[in-house]
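Data block below; observations after.
Ligands are counted one by one from 1 in listed order, and the atoms in each one are counted from 1 as well.
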Amino acid sequence: MAGAVETQPANSAPAANKSAPAANRPAPAASFPIASDARLAGDDRQTRFILDLSQSIPFHAFPLADPYRVVLDIPQVSFQLRPGVGGEGRGLIKAFRYGLVMPGGSRIVFDLTGPARVANAYVLDAANGQPPRFVLELEEVDRATFLQALPSDTRVEAKSAVGDVKETAAPVVANVETAQKPEAPPDPRPVIVIDPGHGGPDNGTQSGSETEKSLVLEFALALRDRIEKAGKYRVVMTRTDDTFVPLSERVRVARNQSAALFVSVHADALPRREGDAQGATIYTLSDRASDAEAERLAEAENKADAIGGVNLTEEPTEVADILIDLAQRETRTFSNRFARILMAEMKTATRMHKHPLKSAGFKVLKAPDVPSVLIELGYVSNKDDLEHLVSEHWRSRTAGSVAHAIDSFFAKGLATAGAGN
Ligand SMILES: [Zn+2]
């Protein structure tokens with residue numbers, strides 16, 4: 001436990017509650033503690049993070065290496081912080097992100113400027129007209145000390161956090177299912193899984209106050225509505241709100257639902273020094289990236305779990321490798337067909353990248369038996385693309401073109417590799 005700090009206010013809940021913050025019994029929305037302000041104090045040697053709260057909360061803080069981070073797990077909190085509050089760092093804290101990681105659980109992830117240790121963490125009760133405050137104190141250390149303090153059990157800590165996410169992520173999916181009447185006959189329609197990227201403390205790419213996680217969620221919801229209205233397919237979303245979902249869980253949703261198609265929705269960004277790029281790109285899975293940009297992107301997207309503060313090791317596969325290999329080969333053929341149809345439809349509605357079809361090793365596209373594509377809708381780093389991404393008119397038109405592509409894919413009988421085979 002060397003690197004982990006786990007405490008709770010002296011006058012609050014019993015110890016048993018601390019590491020699984022109310023995950024099994026989410027409180028009604030009205031009763032979530034409110035975080036009303038956050039600020040940083042101190043310098044490069046010692047930095048303090050202070051969070052104003054409506055009530056005391058238990059917490060659990062632990063460091064993660066490469067990049068240097070501290071993760072703070074707390075019960076679900078209603079964040080009512082001023083926009084952009086986490087973007088400006090101070091001292092040892094480069095920036096911080098916050099959000100829901102599971103029903104009942106919120107997380108704050110601090111990006112550090114260098115190695116640091118959690119010197120202290122505590123909750124102060126309301127006093128002298130001040131609200132209850134959570135305080136995190138960081139202290140500069142050298143890398144060797146950081147790594148030593150990085151628990152032999154940081155991995156264990158990280159894993160148990162993953163365990164929590166998985167256990168509670170299932171009910172989220174279950175909610176989607178229970179929305180259909182359990183006594184109804186099985187729905188014979190093909191299942192389309194729509195997967196808005198990122199969420200919770202993982203913002204994805206960003207431009208000013210526009211975050212990829214919000215832009216792609218809005219697009220995904222518009223696409224869902226569009227498809228559901230036509231009634232031919234059953235739509236399952238991997239998330240419908242600002243929640244963190246691990247990549248493996250997204251793949252699991254596709255497999256558990258025996259999906260006929262999996263569509264992951266993202267928005268890219270280029271670092272300024274790498275010039276400008278624009279337009280939508282459609283990605284499929286491959287062992288070798290089709291070009292350097294595809295490789296960079298897959299690497300960035302595959303980091304989502306780490307950004308959400310979760311360390312994931314590759315999961316053991318449940319099915320014999322040879323079966324996966326056979327299924328995958330067929331699945332990839334169908335993924336590629338859909339990608340081509342999608343490109344043809346999308347270019348009638350929006351601007352495409354100059355090389356609009358690419359492939360790379362995206363973890364989220366790895367369901368062996370579900371044709372899967374990942375759409376990068378455009379670049380938030382490009383002014384014109386960003387104008388599109390925030391436009392309702394553009395969204396509706398482009399979602400319409402994706403829905404069209406799905407129709408053509410199934411109408412042509414090209415989708416039979418989907419579930420059920
Ligand atoms: Zn993304």
Q) By atom name, which N, O or S atom of Glu212 is the nearest to the Zn ion (ligand 1)? A) OE2
Q) Which N, O or S atom name in His266 marks its closest approach to the Zn ion (ligand 1)? A) ND1
Q. Ignoring hydrogens and geometry, is there a side-chain-to-backbone donor-acceptor pair from Arg117 to Glu140 under 3.5 Å?
A. no
Q) About how large, to 10 degrees, is the angle NE2 of His198, then the Zn ion (ligand 1), then OE2 of Glu301? A) 140°
I'd like to check [X] versus [Y] (side-chain heavy atoms, cut-off strictly below 4.5 Å). Are they in contact?
X	Y	answer
Arg48	Val135	yes
Trp394	Thr350	yes
Val118	Phe62	no

